[in-house]
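The analysis underlying the following values was restricted to heavy atoms, covering all of them including side chains, and did not include hydrogens, waters or symmetry mates. Keep in mind the model is a prediction, meaning the values are calculated, not measured. Whatever order the structure lists them in is the order used to number ligands and atoms, beginning at 1.
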Amino acid sequence: MALNRKPATSVVCWLRFLLILLSSYGIYGTKTDVACLKQIYHSFKDPNGYLNVTWNFNNKTEGAICRFNGIECWHPDENRVLAIKLGDMGLLGQFPLGIQNCTSLTTLDLSGNGLNGSLPSDISKYIGFVTELDLSDNNFTGRIPELLANCSYLNDINLDYNHFSGQIPLNLGSLSRIKSFSVANNNLSGQVPHFTSPTIRISSDSYANNPGLCGEPLAPCGSQNKKPRLPYIAGGAAGGLTLIIVLTGIAFVYISKMKVIRRKQDDPEGNTWAKRMKRTKAVKVSMFENFVSKMSLDDLMKATNSFSNNNMIGSGRMGTMYKATMPDGTFLTVKRLQDSQKTEEQFLSEMKTLGSVKHQNLVPLLGYCMVKKERFLVYEHMVNGNLYDWLHPSEDETKRLEWPTRLKIAIGAAKGLAFMHHNCNPRILHRNISSKCILLNEEFDPKLSDFGLARLMNPIDTHLSTFVNGEFGDLGYVAPEYPKTLVATPKGDIYSFGVVLLELITGEKPTRVSNAPETFKGSLVEWVSLLSENNDLHYAIDKSLFDNGVDSELSQFIKVACKCVSPMPKERPTMFEVYQLLRAIGEKYHFTVDDEIMVPTETSDVDFPDELIVARD
Ligand SMILES: *[C@@H]1O[C@H](CO)[C@@H](O)[C@H](O)[C@H]1NC(C)=O
Ligand SMILES: *[C@@H]1O[C@H](CO)[C@@H](O)[C@H](O)[C@H]1NC(C)=O
Ligand SMILES: *[C@@H]1O[C@H](CO)[C@@H](O)[C@H](O)[C@H]1NC(C)=O
Ligand SMILES: *[C@@H]1O[C@H](CO)[C@@H](O)[C@H](O)[C@H]1NC(C)=O
Ligand SMILES: *[C@@H]1O[C@H](CO)[C@@H](O)[C@H](O)[C@H]1NC(C)=O
Ligand SMILES: *[C@@H]1O[C@H](CO)[C@@H](O)[C@H](O)[C@H]1NC(C)=O
Ligand SMILES: *[C@@H]1O[C@H](CO)[C@@H](O)[C@H](O)[C@H]1NC(C)=O
């Protein structure tokens, strides 16, 4: 082996030497690759700043462009671009003509941006050697250029979700290496090409949602003309009937459109992002334990029906959750993170930390998966959903939580949070406590979800969305000092937890109080504080809880809640204290009988702001 390797290595060395020699003479066009990227950069608007940090053209080192966000080179130390993958970056502009100078390019992915205008008619001059072309999910218009057929290396073409119009050039059928071709959701009409390549698999899905396409695999083209013509109807009665039919038709179209719009609002992107993952289905889901021996993204997609809206079980600042039904009938919860700005490395390191945090009152993180910019977290499924839905059921539901169950939930959740604050090193702040992130298993044992995820978000977005996305119900949970300091602290978590305790005992929502006089417009905390000042605190307690011999528990409980939501952070107890206080109230129920009593560990009990720990980026 060792003997064989030596000559081989020297051949490689010689080849590299030759390559470098050639490229320094400009034969390989590495200078033009830099010019190519420069021109692409200047032709795009990059409102999110995805490019401007890493795309630094002042670095003249060979291979510098290979570190640009979205750029892959043939070799990391050689300025020769292999792939341009700028999907989902919110870029604006037109098809980048500068790409002509990236002569070694084989993959072009500009999907999910806001590019518009038409494609150049002489497109084969620009991407003549490209094998994968993904322009889906943009605003391109005009015709699909005939000369796309001259890009003879093309394997995969995805033009879904644009505004292409006219006929698909029939000569595309001659592309000899084509494997996949999709133009769904455009404005195309006429006959579709007949592909002769033996490797292609094409179904009617590839052509879906275009106004007038025909030909194999769709209906044959002649058929529309052969339809019998409706006889011309004249006369009052018949005319009236037609009018009714037409009106009904319009109403029907209108209603279905409304439905589509509503659907889109649930998940503003539709599921186009899920469709785009088609080619990456083989990506493995990394599991922390051998809970499921092997799982791929494809399995997750099957289990969630391609992340369909029907499988959606919740949505919040951190992302959207989907219920996944595994082949053996068990359930998992898959969370798709909202636009995480962390690099793969940062994400992996956070996953390593979060995967190692285990406690009976935290929802176990089982695994995760990264695909392009998508991040998925796989959790154990909690059959009883979240606490919010139990405390505030909609009118047609009969959900009800008795006092002992509410107390058990409060104690367990306090224990989980106290563990994060006092027994993890470094301390973990939750930063997003609400009754929606307290999940319940079949025994109504509470488990905190979403812990540690705030770190994965773009810090600016997290702060802003606290105020902007009030609709997610987070607004009523934010400590009063936070908008001024924008620093997350343990005391901020305790305030939010206090609001959850108030929800538990009053049965009211954090932002809207149904039991208060109509003239009262404040939040739950403001209402309770007002009652407390007037020594009327008992008015706040959920009436259905009284008269079961638990009145003294109720009044002790609401006092603990009030302490947690003190306007001054210093007056709020620590999480360890909250847990001990609640445990004492619930002593007679023996919820914690077989528990070791929790003791704060010394190292993490220092009360410094979380940003010092978190600001690693
Ligand atoms: C990058 O873009 C962002 C967003 O437009 C902008 O705020 C920032 O100043 C830009 N940075 C540089 C170095 O151009
Ligand atoms: C230039 O790029 C090289 C290769 O990517 C990198 O090692 C070096 O640190 C960069 N220099 C500067 C000044 O950014
Ligand atoms: C390619 O790069 C050269 C400079 O190296 C430039 O003059 C030329 O215009 C570029 N071609 C295109 C199509 O942008
Ligand atoms: C794309 O076009 C649609 C209308 O056709 C428009 O509503 C949307 O804002 C456009 N997107 C971008 C990013 O320009
Ligand atoms: C393309 O989109 C930009 C905004 O991103 C808009 O100003 C421009 O008018 C659009 N051009 C066409 C041809 O639609
Ligand atoms: C495109 O391909 C056809 C057939 O191979 C050829 O005749 C034509 O010259 C090509 N056009 C260009 C612009 O390369
Ligand atoms: C669809 O294409 C036709 C021409 O084929 C054009 O008249 C119409 O305006 C297009 N519709 C849209 C929404 O772009």
Side-chain angles (χ1 to χ4, degrees), residues 16 20 23-24 30-31 33-34 37-38 40-83 86 88-97 99-100 103 105 110-130 133 135-154 157 159 161-166 168-178 186-187 193-197 343-345:
R16 293 270 323 130
I20 290 167
S23 54
S24 61
T30 64
K31 280 213 186 80
D33 278 35
V34 177
L37 295 188
K38 215 179 223 169
I40 292 175
Y41 180 70
H42 289 301
S43 69
F44 283 149
K45 273 207 199 96
D46 174 26
N48 302 319
Y50 280 118
L51 303 184
N52 67 1
V53 177
T54 56
W55 285 46
N56 169 15
F57 292 99
N58 297 327
N59 190 339
K60 298 283 193 273
T61 319
E62 185 69 20
I65 62 170
C66 308
R67 275 72 174 174
F68 286 12
N69 195 6
I71 298 301
E72 288 168 23
C73 292
W74 286 85
H75 186 279
D77 298 323
E78 186 190 351
N79 284 346
R80 196 156 58 104
V81 177
L82 170 73
L86 303 177
D88 296 310
M89 292 191 172
L91 301 173
L92 300 174
Q94 307 214 325
F95 184 84
L97 297 180
I99 216 159
Q100 183 175 23
T103 47
L105 186 71
L110 299 174
S111 62
N113 288 297
L115 306 180
N116 63 9
S118 52
L119 301 183
S121 60
D122 50 352
I123 191 161
S124 56
K125 253 168 64 186
Y126 299 89
I127 54 166
F129 298 101
V130 162
L133 176 66
L135 302 178
S136 61
D137 228 339
N138 278 289
N139 268 350
F140 286 118
T141 52
R143 291 177 166 260
I144 298 172
E146 297 240 346
L147 282 178
L148 196 57
N150 281 36
C151 305
S152 52
Y153 296 94
L154 278 169
I157 301 177
L159 304 177
Y161 289 97
N162 278 291
H163 307 295
F164 288 114
S165 58
I168 305 169
L170 293 179
N171 61 356
L172 291 185
S174 66
L175 285 168
S176 61
R177 305 183 184 197
I178 195 83
N186 277 288
N187 182 22
H194 172 66
F195 289 96
T196 52
S197 153
T343 64
E344 286 191 7
E345 261 175 20

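Considering every non-hydrogen atom in both E62 and D77, the closest pair reads CG-O, 3.0 Å.
A distance limit of 4.0 angstrom between heavy atoms and ligand 2 selects the residues N59, T61, A64, R67.
A distance of 8.0 Å separates OG in S136 from CG in L159, rounded to the nearest 0.5 Å. With rounding to the nearest 0.5 Å, the separation of OG in S197 from CG in L172 is 12.5 Å.
Residues passing the side chain to side chain contact (heavy atoms under 4.5 Å, CB included) test with P120 are F95, L97, D122, I123, Y126, sequence neighbours excluded. C151 meets the disulfide (SG to SG under 2.5 Å) test with no other residue; sequence neighbours excluded. F57 pairs by the ring pair (Phe, Tyr, Trp, His ring centres under 6.0 Å) definition with Y41, F68, not counting sequence neighbours.
Any N or O atom pair closer than 3.5 Å counts here, and N116 shares at least one such pair with ligand 5. In terms of polar-atom proximity, N150 is counted as a contact of ligand 6, with an N or O under 3.5 Å from an N or O of the ligand.
Two residues are said to be in side-chain contact when any heavy atoms from C-beta on lie closer than 4.5 Å; Q100 and K125 meet this criterion.
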